[in-house]
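To keep things clear, I will list the structure first and then write my remarks on it.
Numbers here simply count residues along the sequence, with the first being 1. Since the model is a prediction, treat every value here as computed from it, not as a measurement.
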Amino acid sequence: ALSRIYDTIRPSPFNNFLRRNNLLSKYMVTVSYIHYCQLAALMITTIGLIALFVSCSELWNRMFLGAVVAVSGYAIYQVSTAVEIMNDLLWQKGIFDDHIQKQ
């Protein structure tokens, strides 16, 4: 979904339209946030896996498991947000292209 978003907003008349209406920066902030959430989930999951191989108490293992489940769930939620953004951008680009063709 993220690569499709970048393809849609690459330099083009649609990109210029998004910039003129102050929408491009909002999309880019949201996409960057999604990237950071996925990276955080990856790092916490990696730490949790390393903790399994190190002699940690059962309490720490449970805490790491809870953190891994929580951040993984949130990362999955953010991926669904990216899909919504992609669908919205493609829909708006279709409307924009149709409007340009009619002119």
Give a yes or no on whether [X] and [Y] share a hydrophobic cluster (residues Ile, Leu, Val, Met, Phe, Trp, Tyr; joining criterion: side-chain heavy atoms under 4.5 Å apart).
X   : Y   : result
V68 : M63 : no
Y74 : V31 : no
V79 : V71 : no
L90 : M28 : yes
L59 : F64 : yes

Working to the nearest 0.5 angstrom, can you tell me the gap between [X] [atom1] and [Y] [atom2]?
X   : Y   : atom1 : atom2 : result
E84 : Q78 : CD    : CD    : 10.0 Å
L23 : K26 : CG    : NZ    : 6.0 Å
I76 : Q38 : CD1   : CD    : 10.0 Å
L89 : M86 : CG    : CE    : 9.5 Å
S80 : I85 : OG    : CD1   : 10.0 Å
I47 : I50 : CD1   : CD1   : 7.0 Å

Self-check item: Minimum side-chain heavy-atom gap Y77-C37 below 4.5 Å
Solution: no
Exercise. Measure the acute angle between the ring planes of F17 and F14, then classify it against the limits of 30° and 60° as parallel, tilted or perpendicular.
Key: parallel
Quiz prompt | Distance-only polar pair, side chains of R19 and N15, donor-acceptor under 3.5 Å | solution = yes
Practice problem: Could you give me the CA-CA distance, side-chain angles and deciding distance for W91 and N87, then say whether side chain to side chain contact (heavy atoms under 4.5 Å, CB included) is met? | Solution: CA-CA 6 Å; W91 181 266; N87 290 337; over 6 Å; no
